[in-house]
Amino acid sequence: MPEADQEGQRYAPDQPQATPGFYLKGSHQLDWGMKNRLARVFDPASGRTVMLAVDHGYFQGPTTGLERIDLSIVPLLPSCDALFCTRGILRSVIPAHCQKPMVLRASGGPSILRDELSDEQIAMDMDDAVRLNAAGVGIQVFIGGEHETRSVHNMTRLVDAGLRAGVPVMGITAVGKTMVRDAKYFRLACRIIAELGAQYVKTYFVEDGFETVTASCPVPIVMAGGKKLAELEALTMAYNAVQQGAAGVDMGRNIFQSEAPQAMIAAVAAVVHKNMTPKEAFELFNSLKRRAAAVSEVVRTANTG
Ligand code: R5P
């Protein structure tokens, strides 16, 4: 067994990796179909994406804000760049005329009732992702978790299937409850996921050193939102992530658990695609929230009058 090296220090975050011939980091040597699917998710104008993550039910059941995806999420579809959902929700709830790209959850296994969530398997054939016209698939990778090797192997099998079909794989850094969420851990996890073939990586933001996580990962990183924060805090986190090299977000609870989800996704999109500052985006959120409340009041008065 080779002696473990010290982790390097030369991340050079101010020298972005060259992207000759295609705008997405590390994607220029992929095949046409793969690039085309990536271009549906990552806006070619900004090079970034606002993915709306609503896959939580695959292990949590009807999560707060997702009790009725037809009522809470379908109205938000026009405002996201892509939806991250399960194939069950796609077939049962998402209208097939929807033109938004769909990225499908492809792993599953233990429910929230179990302590050890890393015991996952591949939970969808690539054939079905193609049949559903998916723009990509996503899978958890539990680096340092009890079932680390299996989850890595799940991802590499999915990557092989994705390369045959031209479907990009989003590898997701899944962090055990007791593990430290710092830049050192995420550099390790994101880099392993990219080295083993994922076309992009979803990971959490860390306050200290996030730019080293993005700089040392040769493919795009999208930021996961995590638990619900105050809106200004969530917008600040998204802003810091994209300013420090993330190619967008895949956020769920901070959007659909907001008191004004439509206003929140618009504010997140302004941060991601227009580099709007957190303060300006929060003002946008508040003004859209006020406008939505005024419209509801007019409708309520009309219906009761
Ligand atoms: C991913 O692993 C989860 O299933 C969600 O997609 C992810 O946590 C993003 O959602 P949230 O922003 O609510 O954390």
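On a predicted model such as this, the values are computed, not experimentally measured, just so you know. The first residue in the sequence is number 1, and the count goes up from there. Just so you know, ligand 1 is whichever comes first in the structure, and atom 1 is the first atom listed for that ligand.
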Any residue meeting salt bridge (Lys or Arg N to Asp or Glu O under 4.0 Å) with E283, in chain and number order, not counting sequence neighbours: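 With neighbours one apart ignored, the set is K279.
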Considering the heavy atoms of [X], write down every atom of ligand 1 situated less than 4.0 Å from one of them.
| X | value |
| --- | --- |
| D250 | 9 (C) |
| A53 | 6 (O), 9 (C), 10 (O) |
| R253 | 11 (P), 12 (O), 13 (O), 14 (O) |
| H56 | 5 (C), 10 (O), 11 (P), 13 (O) |
| G226 | 11 (P), 12 (O), 13 (O), 14 (O) |
| Q140 | 1 (C), 2 (O) |
| I172 | 2 (O) |

Side-chain H-bond candidate by donor/acceptor type, H273 with S46, under 3.5 Å: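 There is such a pair (donor and acceptor under 3.5 Å, judged by atom type) between the side chains of H273 and S46.
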T236-E233 side chain donor-acceptor pair, cut-off 3.5 Å: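 Looking only at side-chain atoms, E233 and T236 do not form any donor-acceptor pair under 3.5 Å.
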Best match, I255, D55, T63: closest heavy atom to atom 5 (C) of ligand 1: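 It is D55 whose heavy atom sits nearest to atom 5 (C) of ligand 1.
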R181, CZ: over 12 other non-hydrogen atoms inside 6.0 angstrom: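 More than 12 heavy atoms, drawn from other residues, nucleotides or ligands, come within 6.0 Å of this atom.
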Exceeds 12 heavy-atom contacts within 6.0 angstrom, atom CD of E297: yes
Value rounded to 0.5 Å, distance of CD1 in I255 from CG in L52: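 Rounded to the nearest 0.5 Å, the CD1-CG separation comes out at 5.5 Å.
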Per-residue contact class, Y204 against ligand 1 - non-hydrogen pairs under 4.0 Å: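 Answer for Y204: side chain.
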Region of R105 engaging ligand 1 - heavy atom pairs below 4.0 Å: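 It is the side chain that gets close, since no backbone atom is under 4.0 Å.
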D208 and D182, any side-chain heavy atoms less than 4.5 Å apart: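 Answer no - side chains too far apart.
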Salt-bridge contact R87-D128 (side-chain N to carboxylate O under 4.0 Å): yes
Any N254 heavy atom less than 4.0 Å from ligand 1: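 It does not, in that no heavy atom of N254 comes within the 4.0 Å cut-off of ligand 1.
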Sub-4.0 Å heavy-atom approach of K202 to ligand 1: yes
